[in-house]
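What follows is one structure encoded as structure tokens, with my remarks underneath.
Computed from a predicted structure; not experimentally measured. We name chains A, B, ... by the order of the sequence lines, and we start the count at 1 in each one.
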2 protein chains.
Amino acid sequence: MSAHPAAEAVEKPLRADAQRNRDKLIEAARSVFRERGSEASLDEIAKRAGVGPGTLYRHFPTRDDLIDAMMRDWAERIRADAESVVGAGGTPRVILTEWFSRFLDNVGIYHGAAAKVMSAMDDSSSPIFRKCQVLVDANRQVLESEPVAPGVRDGVDARQVMRLVSGVSVAVDQAGMAPAEAEPMLRIVIDGVLRPEA
Amino acid sequence: MSAHPAAEAVEKPLRADAQRNRDKLIEAARSVFRERGSEASLDEIAKRAGVGPGTLYRHFPTRDDLIDAMMRDWAERIRADAESVVGAGGTPRVILTEWFSRFLDNVGIYHGAAAKVMSAMDDSSSPIFRKCQVLVDANRQVLESEPVAPGVRDGVDARQVMRLVSGVSVAVDQAGMAPAEAEPMLRIVIDGVLRPEA
DNA sequence: ACCTGAACACCGTTCAAGT
DNA sequence: ACCTGAACACCGTTCAAGT
């Protein structure tokens, strides 16, 4: 088996100029979305990338396709975070605190991202859906890892926990809060997820 | 003191036709927003109300002014719900379950409403801000009522609880879940809010 | 095979003309 | 004082013409 086991879909090679334009578009999208949020004008992205609007549509037929491309390494980073958090060990409370805080960092890349991720989680027709599955799986793995799993209350579902924390992320985003200010909300969630003795 | 102690701002009387158009616009907005969500076309609302687009703008300079007008009795309903829930009594868990479930009903009036309310909560320049204050106060009153208050964990802030439940509301909205499906998430929040013994 | 940019469509917003 | 609807602006989207 190869070193890269089907990283993404099939990455067919592009003509040199096309590849360059694609990269410029993704880079422009990153900066524009960070400045203006996920509803930023696509025209501005094309302008900043120095290409015609048609070129943007050729590469990314929908806004979500572009966002998906922007998130290329996002899924990988999430997987790595989950692994590192579980590997570092500690009490269930420490592990969850760290995991949720990285969760917020990853989901809140730009204004509107949290809401985008939340809606894509349940919309299998969205290009971002697959990436969200990675988040679902990573979150489940953390909750099912030792020593977290035995500390979790009966009936707590990983998917619901993820929705809750995504909700926190939306709240942080909308209120313009600093990530650290989310701590009181995360504490409530963690107290609700873990058994009282844990 | 009068029976209506400053219900809303000052309601200056409108000319008969203007008042009729205003009412038709609010009614049209209600149905269009329920069908198409909070980003629905304002033009369609004007059309359905049978008035020109200029008339809509005269009455409601911004989209949020229109939404605010739609929510005329919303704040009052919330106040009433809080009172009735506290009055009905029961264990802290029962009271919170009932209150949060009404919270979700009230905040999720149409697609996108939860997100709208969430962002207006922290944006004092929004016309909806004042109505959100009612929600903040009602929620605080429930949490500080007997027998709930002594059952709440130290350090739990009513405002954070409201943000969390609003997040649940956004999740329910985005995922297209039935209100009842929110129960597992609300359970986690309640377990995190109440002392383990309560 | 890919790019460009003019052209079109849609919708929010304004305003001169009407009553 | 209020309403109408044409006009404008902006932006997403398409496509004929180019390389």
Counting just side-chain N and O atoms, does [X] come under 4.0 Å of either OP1 or OP2 of [N]?
{"X": "B:His59", "N": "D:dC2", "value": "no"}
{"X": "A:Asn21", "N": "C:dC2", "value": "no"}
{"X": "B:Ser41", "N": "C:dC10", "value": "no"}

Expressed as a whole number of angstroms, how long is the span from [X]:[atom1] to [N]:[atom2]?
{"X": "A:Leu42", "N": "C:dG5", "atom1": "CG", "atom2": "P", "answer": "18 Å"}
{"X": "A:Leu25", "N": "C:dC3", "atom1": "CG", "atom2": "P", "answer": "9 Å"}
{"X": "B:Glu39", "N": "C:dG12", "atom1": "CD", "atom2": "P", "answer": "9 Å"}
{"X": "B:Asp43", "N": "D:dC8", "atom1": "CG", "atom2": "P", "answer": "17 Å"}
{"X": "B:Lys24", "N": "D:dT4", "atom1": "NZ", "atom2": "C1'", "answer": "13 Å"}
{"X": "B:Arg22", "N": "D:dA1", "atom1": "CZ", "atom2": "P", "answer": "17 Å"}
{"X": "A:Leu56", "N": "D:dC11", "atom1": "CG", "atom2": "P", "answer": "14 Å"}
{"X": "B:Ile45", "N": "C:dT13", "atom1": "CD1", "atom2": "P", "answer": "12 Å"}

| How far does CE of A:Met185 sit from CE of A:Met177, to the nearest 0.5 angstrom? |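 Reported to 0.5 Å precision, the distance equals 4.0 Å.
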| N/O donor-acceptor pair under 3.5 Å between B:Gln174 side chain and B:Ala171 backbone |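 Checking the backbone N and O of B:Ala171 against the side chain of B:Gln174, no donor-acceptor pair under 3.5 Å is found.
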| query | Just by modelled atom types, is the B:Val148 backbone N or O under 3.5 Å from a matching donor or acceptor in the B:Ser145 side chain? | reply |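 No.
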| message | For the CZ atom on B:Arg36, are there more than 12 heavy atoms of other groups (residues, nucleotides or ligands in this structure) within a distance under 6.0 Å? | response |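 For B:Arg36, atom CZ is not crowded (no more than 12 foreign heavy atoms under 6.0 Å).
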| said: Among A:Arg72, A:Met71, A:Glu76, exactly one meets side chain to side chain contact (heavy atoms under 4.5 Å, CB included) together with A:Trp74. Which residue is that? | reply: A:Met71
| request: Identify which nucleotide among C:dT4, D:dC2, C:dC2 has an atom closest to any side-chain atom of A:Arg58, counting heavy atoms from C-beta outward. | output: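 The closest nucleotide is C:dC2.
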| message | One pair to check against side-chain contact (heavy atoms from CB on, under 4.5 Å): B:Arg153 and B:Val193. What are the steps and the verdict? | response | CA-CA 6 Å; B:Arg153 295 176 192 253; B:Val193 165; over 6 Å; no
| query | According to the Watson-Crick and G-U wobble definitions, with both distances under 3.5 Å, which nucleotide is paired to D:dC2? | reply |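 WC or wobble partner is C:dG18.
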| Pairing nucleotide - D:dC10, Watson-Crick or G-U, each distance under 3.5 Å | none
Table of protein N/O atoms under 3.5 Å from nucleotides 14-19 of chain C N/O atoms:
none

| task | Using the rule that two of Ile, Leu, Val, Met, Phe, Trp, Tyr join whenever any of their side-chain heavy atoms come within less than 4.5 Å, decide whether A:Trp99 and B:Leu164 are in one cluster. | result |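 Yes, one cluster joins them.
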